[in-house]
Amino acid sequence: MADFEQMNTVVSQSSADSPIQDAIFYPLIDADFDCELVPKPALAKSWDWSEDGTILSMELRDDINWADGTKVTAHDVAFTMDLVADPLVASPRINYIKYLKENARPKIIDDTHIEWHFTHAYDRVTQAFHVATLASMPKHILESADRASLRGHEFSTKPLVNGRWKIGKWDRGQRIVLEHNENWSGSKEEIPKLKRVIFRVLPEYATRLVELETGGIDIAQGIQPQDADRLAKEHPEIRLVRRGWRSMEYVGWNSLDPKDYKRAVDELKDGETLDMSTVKPHAMFGDVRVRRALSKAINAEKMMKDLLSSQATGEVYARPAVGTISPALCNAHNDDIVPIAFDPSQAKAELAEAGWTDTDGDGWLDKDGTVFRFALEINSGNPRRAKGSVLVQAMLKQIGIDVQIAQVETNLFFENHRKKNFDAMIGGWSAGLFIDPTAIWHSGPEYEFNFVSYNNPEADALMVKGLKEPDPEKAAVIWKELQAMIYEDQPYTFLYWIDEIIGVHERFQDTSIDVQSPFGDLYKWWVPADEVKYKR
C-alpha cells in the first residue's frame, strides 16, 4: 500500500491511513452493511431520537480509557467536532457539522451522556454517521495544540490510542507495526488474537504481488484480474476475496486555472476566505462543452476490458461509473443514467464548436494560439492507472489532443489536488457508505475534496434539499436527480467502479473482508497454532 500520512482523523485525507485509524481508535458507533450502513453500539452503547428527528441522544460507555489511563468522555467527542468546525484547522470534513446547531455538536449532559441537536431532520443513517464517522481525539492531549498547524502535531505520528491496538513502531516509508494496546480497558473478548500486524509500505504493485506470492506479506489489496487468474492456479494457499463496489476511478478536469488559483490564495489576507469567482477558469476544462467532448473521446468500456478483466474467463471486475454514490447503496444509486457513448468523431466536432481546431495543420488542436496540451497526473506505483493513462493519452491523440503523462509521488499527488495545482488527473474514491455528496461536489474552497472546483448552484441546492429530507425514499429521488445533474456537467470523466480483489493467506481465520473494509474486525483474526509463522 501507499505510505501512511497521519493518524489525526480530523485532518487525515489518505485512504491508506483508514485501517490503522480503525484499529487504534474505538469508534463512537460501529456498523454492519446491507444496502446501507446499519449502526451498532461501540463507544455509544445506546441512542435514541426525538420524535421530530432533530435530537440524537447517546449514552456512552464509561469503561473506555485512553492509553495513559484518562477516561474517554463526552468532552473528547465534543472537542473533536470543535476541531472539525474550526476554520484554522481546515478539516476536509467540514460537511459533518454543517447541520448541527453550534452549541450542541454535541451538547454535553455529563461525561457519558450527549445530545446532538440538528438544525432539521434528515436521513437518520446519514445523521448518525455525520456525528460518528470520525474517531474521537483526546482533548487533554490536543487542546493546547496550535490549530493552524494541527497536521504537523506530534500526535499525528505518535497518537495516544483508545482502541484495541497501538502503534508499536512507525518507520516512515517502510512500515507501521500494530501491537496490542496493553492498556485496552474494554472487554477481554475484544483483545486481539494476533500478537502483531505489520502494514508494509509497498507502493509498487509488482513488488506487492511478488511479496504475496513468496510469503513476504500475507494480504494484498487491489489484485489485478489477470494476476488473480494465475494466483488461483499457482497459489491455492492464497484466498481471493471480492470486496464489492467501494472503489471508483475517474479522470478529473480542473475547472480553474492553477496559476491563477495560487495567485488568489497568495493574495488572501488573514481571516479572508477565497471567493472562487475571482479565479480564472481553466483555459480548456472550464468549458462544459470541452469536458463532455473529452468523455466522448475516452473509451471507458475498453479501459475496463483492458485493465480489469480476467483473461481466463473474460469476466470484467468493474462496471461503468456515472457518479460517486456507490452502486452498493442500492436504493440511492441512479441506475437509469446512460453512460456517454464513445464517439471520437462527435467529440472532435463538439471541440470545434468550442473553438478548438487544428488551424496550422500540425495535427494538434489549438485555440487563440494555444495548443490543446496538458499534463495528466497519476500517482506513482499504481500500474492500473499507469496503463490507463497511456490508453487515455492514445485516445485523445486520435482527436488532436497532446497529453503529457506525469507520475507523481502519492502524498504529493494528493497535496496537488487539495491545492488545485494540476490540470487533469486520474484519481479515485473509496466511496462513503452514507450519503452526503457535499464534501466532493459542493462549491466553495472549504470543501477540500472538491479537487476539480465543481461549481453548480443547482447542484448545491439539491445537496441541501437532500440533506433536509428525513424520508429515505424521497431523499433517494433527490440523490438520483443530483447524480444525473453532475453527470451532465462532466466535471469528471467517470470511468468505472472496481470489484476489488483481495488476496489473503488461507491460514488466517475469521477474516472480515467486505465493502466496508479489507481489515474489518481485525481483532478477531487468528491463525491456528500449528500454522503460526511468526512466533513473537
Side-chain angles (χ1 to χ4, degrees), residues 13 87 90-99 248 250-268 272-295 321-325 334 337 340 350-351 354-356 374 377 414-429 431-432 435-468 478-494:
Q13 62 183 31
S91 171
R93 293 165 180 85
I94 191 72
N95 58 305
Y96 289 179
I97 56 95
K98 187 173 183 179
Y99 299 118
M248 63 85 66
Y250 61 89
V251 183
W253 312 110
N254 192 351
S255 65
L256 299 179
D257 181 278
K259 291 182 179 178
D260 197 53
Y261 181 86
K262 184 177 185 304
R263 172 207 56 80
V265 170
D266 290 344
E267 290 177 359
L268 286 177
E272 288 185 339
T273 301
L274 179 63
D275 179 356
M276 304 292 268
S277 67
T278 65
V279 181
K280 294 178 183 177
H282 197 285
M284 302 163 193
F285 312 127
D287 188 335
V288 63
R289 297 173 298 174
V290 170
R291 298 194 301 268
R292 290 186 59 81
L294 291 170
S295 293
V322 294
T324 53
I325 291 178
N334 192 335
I337 296 174
I340 289 175
E350 291 180 7
L351 286 168
W356 293 96
F374 65 90
E377 289 191 2
F414 289 121
E415 185 68 8
N416 285 348
H417 302 160
R418 193 170 69 85
K419 294 182 176 179
K420 324 293 185 189
N421 184 27
F422 70 100
D423 290 317
M425 49 85 166
I426 297 182
W429 290 113
I435 301 177
D436 181 358
T438 55
I440 298 175
W441 296 121
H442 201 288
S443 63
E446 66 270 31
Y447 297 103
E448 289 192 348
F449 289 159
N450 184 354
F451 299 136
V452 297
S453 297
Y454 178 65
N455 183 359
N456 182 333
E458 291 183 38
D460 287 350
L462 276 179
M463 285 179 253
V464 172
K465 184 179 179 182
L467 289 170
K468 285 186 175 180
I478 298 168
W479 298 135
K480 290 177 181 180
E481 182 182 354
L482 175 69
Q483 290 166 76
M485 181 179 293
I486 293 173
Y487 193 78
E488 184 71 19
D489 289 337
Q490 289 292 290
Y492 297 166
T493 291
F494 297 91

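- When atom types are taken as modelled, the side chain of Asn95 and the backbone of Thr438 share no donor-acceptor pair closer than 3.5 angstrom.
- The backbone N or O of Ser255 sits nowhere less than 3.5 Å from a side-chain atom of Ser453 that would complete a donor-acceptor pair.
- In summary, of the residues considered (Ile340, Ile486, Val322, Ile337), a side-chain contact (heavy atoms from CB on, under 4.5 Å) with Phe494 occurs for Ile486 alone.
- Aromatic ring pairs are classed by plane angle as parallel below 30°, tilted from 30° to 60° and perpendicular above 60°; the pair Phe374 and Trp253 is perpendicular.
- Summarising the geometry, atom NZ belonging to Lys419 is positioned 10.0 Å from atom OH belonging to Tyr261; distances are rounded to the nearest 0.5 Å.
- Here the shortest heavy-atom pairing between Thr493 and Arg291 reads OG1-O, 4.5 Å.
- The two atoms that bring Asp257 and Val279 nearest to each other are O-CG1, 4.1 Å, heavy atoms only.
- With respect to the salt-bridge test (charged N to carboxylate O, under 4.0 angstrom), the residues Glu448 and Arg418 qualify.
- Screening Trp441, Tyr492, Tyr250 against Thr324 for a side chain to side chain donor-acceptor pair (under 3.5 Å) leaves a single residue, Trp441.
- Looking at Gln483, its side chain does come within 3.5 Å of a backbone N or O of Asn334 through a donor-acceptor pair.
- Nearest heavy atom pair, residue Leu256 against residue Met276, reads CD1-CE, 3.7 Å.
- Nearest approach of Ala439 to Tyr447, heavy atoms of both residues: O-CB, 3.8 Å.
- A 6.0 Å sphere centred on NZ of Lys465 holds no more than 12 heavy atoms belonging to other residues, nucleotides or ligands.
- Inter-residue side-chain proximity for Asn254 and Asp423 is flagged as unmet; no heavy-atom pair is nearer than 4.5 Å.
- Side chains of Asn450 and His442: no donor on one and acceptor on the other come within 3.5 Å.
- In this structure, the separation between CG on Leu467 and CD1 on Ile435 is 9.5 Å, given to the nearest 0.5 Å.
- Across every non-hydrogen atom of Ala283 and Trp356, the tightest pair is O-CZ2, 3.7 Å.
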Determine, step by step, whether Arg289 and Glu350 satisfy the side-chain contact (heavy atoms from CB on, under 4.5 Å) criterion, reporting the C-alpha distance in whole Å, the side-chain angles of both residues, the deciding distance to 0.1 Å, and the verdict.
CA-CA 7 Å; Arg289 297 173 298 174; Glu350 291 180 7; 5.9 Å; no
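- Asp266 and Arg263 are not joined by a salt bridge, as no carboxylate oxygen comes within less than 4.0 angstrom of a charged side-chain nitrogen.
- Contact between Met463 and Trp479 at its shortest, heavy atoms only, is O-CH2, 3.8 Å.
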Test Lys420 against Lys262 for side-chain contact (heavy atoms from CB on, under 4.5 Å), laying out the working first.
CA-CA 8 Å; Lys420 324 293 185 189; Lys262 184 177 185 304; over 6 Å; no
Can you check side-chain contact (heavy atoms from CB on, under 4.5 Å) on His417 and Glu377, steps first, answer last?
CA-CA 10 Å; His417 302 160; Glu377 289 191 2; 3.7 Å; yes
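- One finds the CZ atom of Phe422 at 13.0 Å from the CD atom of Glu415 (value rounded to the nearest 0.5 Å).
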